[in-house]
Structures are given as C-alpha cells and as structure tokens.
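Below is one structure, written out as structure tokens; the observations come after it.
Order of the sequence lines sets the chain letters (A, B, ...), proteins ahead of strands, with each chain counted from 1.
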Amino acid sequence: MRDRLINDLLDWYDANARVMPWRVSPADRKAGVKPDPYRVWMSEIMLQQTTVAAVRDYFNRFTARWPTVADLAAADDADVMAEWAGLGYYARARNLLKCARFVVDECGGAFPDTHAGLLKLPGVGPYTAGAVSSIAYNLPEVVVDGNVERVMSRLYDEHTPLPAAKPVLTEYARALTPIDRPGDYAQAVMDLGATICTPRNPACGICPWRDPCAARAAGTAPELPKKTPKKPKPERLGFAYVARREDGAWLLETRPDKGLLGGMLGWPGSDWSDAPKTNPPLDTDWQTLNATARHTFTHFHLTLTVLIARVPKDAAPSAGSFVPAADFSPSSLPTVMRKVYDLAADPLRHIDPDQS
DNA sequence: AAGACGTGGCT
DNA sequence: TAGCCAAGTCT
C-alpha cells in the first residue's frame, strides 16, 4: 500500500515535475547531478509563505549577484536588504545574511549536511531543515509545508482544524517519506499540492492519488484542510514625510532591525496607530497630498497621510539622512514605502539633481 | 504559545 | 471587493 502510493506519486512527478531555476530535474538527478545546497537553501528561504511566481526573479538576481555563500557573506547589509525589497517578511533577509556569515565563519564555508545541523541556522526551522536535507542531501527527512498539510488532510480525510492538526499530519507525512528518492518525493508532494490538490477546485480527476484518497471518496476534499478562523485586521493611521533637497537628494531613514520592515529603507514618519502623533523630521512648510497611501500588512490595514516638502541645501533633519538622487531607486523600498514614493514623486519631480 | 511578520494574485 | 492563500520562523 505504502510503496504503491509512493511509486504512483514519483511516476507522476517524473512526467510532470515543474521546472524551476533552483531545481534539479528528476532525469538529471537520476543521472547523478547534485543540487547546490546554497541554491536550495536560498530558494527555500525565499519560498517561505511566498509564491513561486514571486520568487523566481528574486532568486535569479540574488544568485547572479552573489553566486556562492562566501559572496553573500561578504555583501553589505544595505545591498542585500535593497535586493530583497518587495519580497516581504524582511526578517528572512536579515537572517539570510546572518546565516551566510555563520556558514562561512563557523562551518568552514559549507552548509551543514544534517537535519540537526541545519536547524541551528538562523531563519531555518523544521520545514526548511527538512527541505534542504531531502532536496540537497537526499536524506529521508519529513517535509511539511502548507501543500503537504493540505494533501495529507485530504488523503486521510482529517477534519481536525489547523494548526491543531499539524502533529497528526506530520506523522502521516513521515510515514510516507521514502528512503529512496526522498528529495524527488518531497518536491513531488509539493508539486501535487500546487497543481492538482489545490486549495480550491482540486483536480481530483487527474490526481495520481485519486483512488486511495479518503476525502475524494467522502466528497470532502474541497473543504479540507479545516482552519481555525482568523481575527479581523484593525485599521491604523500614520504620517509619512517625503522631503527633497534642492540638489535632488531624498530624505530617507533605515528602520531599526527589530519589528515591522526591520532593516529596510523608508520615509521618516509617525507611529502607526489609532491616533498617530505628527513629528516632521524637518521644520519646513509641509504640503499634505490629497491622496493617501493604503496598504494591508499581515495583521492590520494602514492609511498613510503623505506630506511633501522641497528643502534648501543646508536643511538639517532630526531623523534620517539625505540620499543623493543617483544613489536612490524606489525599487529598494518595501512596498508600502514605494506606494508613498509613487504619490510624492510626481509633485516633486521638477527638482533637477544637476543644478545643485 | 499565540501573535508578529509582507506582498501580490486570485475569486 | 474583501478575504483567502502561498515551499514558515521567531519570540
């Protein structure tokens, strides 16, 4: 029974594996090609809570700019954060650098090749340690992500809501993890979850596991996995100040490492709350824009009032510092800050960086 | 151990 | 459109 399940899935994977920049195809793997642990690790960090479509370009840019873990370890923090801008969950980028430096400084420049060793790395939890173990080193470690949870909950018609069901689903997944081809198997379950056993409208008719699937038999597949309901997001307000100096420089600040958007570049501003306090970084004549910047984070909605000003060469800000126009790109901003830029840039566009 | 932590795409 | 969802980790 177990072997039949595994073989049916691997056969399906051999014929239907998705092609990705970080992946070794089942055919190449069979021919002896070994994945680069650095690239596997990088892809798994980027893929945490993030879609393949969103990751692809970031992965290509990161690995082109920093081809090895030693290259990444030697990078400037600000360059890495700027390159990560827009991908979200910025603690991942801070941990990415920490991890690269740890591997270079404490592991002789090679990624640990055991599950326990990987688990010690910053930003690497049970999922990523399992994924790197199996995909990069072909170790039979269990890999449980959102796809696997969904697939297992349906295969065994498990109705206990997540996250309470996580331990049971992990045991189901562990029992199916093969000694042979664990890396291909892990990627096969995730591909199945991403393309066939999807959250809505699962394509049960073409699923390699349609016969053994308990939820398919019970007709409950579309409603699984059950999840405990989420809390509503509160509304918060804030102010953002965009100052441009007469030589074209922008007033920006690097946010503290801890907390929301930690380590990222942004516009000086107020706290984000029910009743934010105005605290302009410069004493000047601020102009309030008509439009506001709306953004939704994981746990709250935000409406930002944007204020702009053109300031003289000798302006002395109480927060942030002026960045020359030539050194600034809006693509280095997290998305909420880029929305502010998009609103402010037009009215401020007439400043000529060359006239100084 | 429950909440913090981003973003874009899809329905 | 408002909400759900995506290869989770940290505290």
Side-chain angles (χ1 to χ4, degrees), chain A residues 18 20-23 39-59 81 84-96 98-99 118-136 141-151 162-164 166-167 170 173 183 185-195 197-202 222-223 225-236 255-264 266 272 294-302 331 333-339:
Chain A
R18 291 180 293 169
M20 299 171 194
W22 50 85
R23 182 180 275 186
R39 293 167 64 87
V40 174
W41 162 76
M42 172 92 63
S43 69
E44 292 302 341
I45 300 297
M46 288 184 169
L47 286 162
Q48 290 168 8
Q49 299 290 286
T50 309
T51 57
V52 169
V55 164
R56 194 172 257 114
D57 289 348
Y58 283 87
F59 177 85
M81 300 313 287
W84 195 278
L87 197 54
Y89 284 137
Y90 298 99
R92 293 184 296 170
R94 286 178 268 130
N95 284 330
L96 192 80
K98 263 189 216 163
C99 182
L118 289 162
L119 209 42
K120 289 188 170 65
L121 302 175
V124 174
Y127 163 75
T128 305
V132 175
S133 295
S134 62
I135 296 170
E141 300 289 348
V142 69
V143 177
V144 184
D145 72 332
N147 288 305
V148 177
E149 289 174 349
R150 185 170 58 258
V151 171
L162 286 165
K166 177 106 182 177
T170 299
Y185 173 81
Q187 292 171 100
V189 187
M190 294 191 282
D191 274 17
L192 186 73
T195 64
C197 195
T198 50
R200 284 168 301 239
N201 304 315
E223 65 192 64
K226 303 279 192 191
K227 298 197 175 179
T228 54
K230 291 170 184 169
K231 291 177 179 173
K233 298 182 202 289
E235 292 284 348
R236 294 191 193 170
R255 301 170 61 87
D257 269 353
K258 298 273 182 197
L260 195 63
L261 309 181
M264 297 303 290
W272 297 342
R294 269 292 279 181
H295 192 73
T296 297
F297 292 100
T298 312
H299 50 297
F300 64 93
H301 301 286
L302 178 65
S331 69
L333 297 173
T335 299
V336 64
M337 298 297 176
R338 195 187 38 71
K339 288 181 180 176

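Summarising the geometry, atom CD belonging to A:Glu141 is positioned 13.5 Å from atom OH belonging to A:Tyr127; distances are rounded to the nearest 0.5 Å. The CZ atom of A:Phe297 sits 9.5 Å away from atom CZ of A:Arg236, with the distance rounded to the nearest 0.5 Å.
A 4.5 Å side-chain heavy-atom check between A:Val144 and A:Glu149 finds at least one atom pair inside the cut-off. For the pair A:Gln48 and A:Tyr89, the minimum side-chain heavy-atom distance is 4.5 Å or more.
Residue A:Gln48 has its side chain nearest to C:dG8 when only C:dG8, B:dG6, B:dT7 are considered. In this structure, of B:dG8, B:dT7, C:dC10, it is C:dC10 that holds the atom nearest to the side chain of A:Asn95. Residue A:Pro199 places its side chain closer to C:dC5 than to any other of C:dC5, B:dG6, C:dG8.
What separates NZ of A:Lys231 from P of C:dA2 is a distance of 23 Å, to the nearest Å. Here the P atom of nucleotide C:dG8 and the CD atom of A:Glu149 are 8 Å apart, to the nearest Å. Going from atom CZ of A:Arg294 over to atom P of B:dG6 covers 18 Å, rounded to whole Å. Distance, A:Lys233 NZ to B:dC5 P: 12 Å, rounded to whole Å. Look at CD on A:Gln49: it is 9 Å from C1' on C:dT9, rounded to the nearest Å. Separating the CG atom of A:Asp257 from the C1' atom of B:dC5 is a distance of 14 Å, rounded to the nearest angstrom. Look at CG on A:Leu119: it is 12 Å from C1' on C:dG8, rounded to the nearest Å. Residue A:Lys227 contributes atom NZ, which lies 12 Å from atom C1' of C:dG8 at whole-angstrom precision.
The pair A:Glu44-A:Arg92 does not count as a salt bridge, with every side-chain nitrogen at least 4.0 angstrom from each carboxylate oxygen.
For A:Arg150, no side-chain nitrogen or oxygen approaches OP1 or OP2 of C:dC5 to under 4.0 Å. Not one side-chain nitrogen or oxygen of A:Lys230 sits closer than 4.0 Å to the OP1 or OP2 atom of B:dA4. Between A:His295 and the phosphate of B:dG6, there is no side-chain N or O to OP1/OP2 separation shorter than 4.0 Å. Distances shown here put a side-chain N or O of A:His299 below 4.0 Å from the OP1 or OP2 atom of B:dC5. Considering only side-chain N and O atoms, A:Tyr90 lies under 4.0 angstrom from the phosphate OP1 or OP2 of B:dT7.
Residue-level contact check: A:Met20 touches the bases, meaning some heavy atom is under 4.0 Å from a base atom.
Put simply, the residue from A:Val151, A:Asp145, A:Thr195 that forms a side chain to side chain contact (heavy atoms under 4.5 Å, CB included) with A:Met190 is A:Asp145.
Checked by distance alone, A:Tyr127 brings no side-chain donor or acceptor within 3.5 Å of a matching partner on the base of C:dG8. With hydrogens and angles left out, the side chain of A:Thr50 and the base of C:dG8 share no donor-acceptor pair within 3.5 Å. Residue A:Thr128 places no side-chain atom within donor-acceptor reach of the base of C:dG8, judged by atom type and a 3.5 Å distance cut-off alone.
Separation of the P atoms belonging to B:dG6 and C:dT11 is 14 Å when rounded to the nearest angstrom.
Comparing A:Lys258 and A:Trp22 along DNA chain C, the residue whose closest nucleotide (by nearest heavy atom) sits nearer the 5' end is A:Trp22. Between A:Ala54 and A:Arg200, the residue whose closest nucleotide on DNA chain B is further toward the 5' end is A:Ala54.
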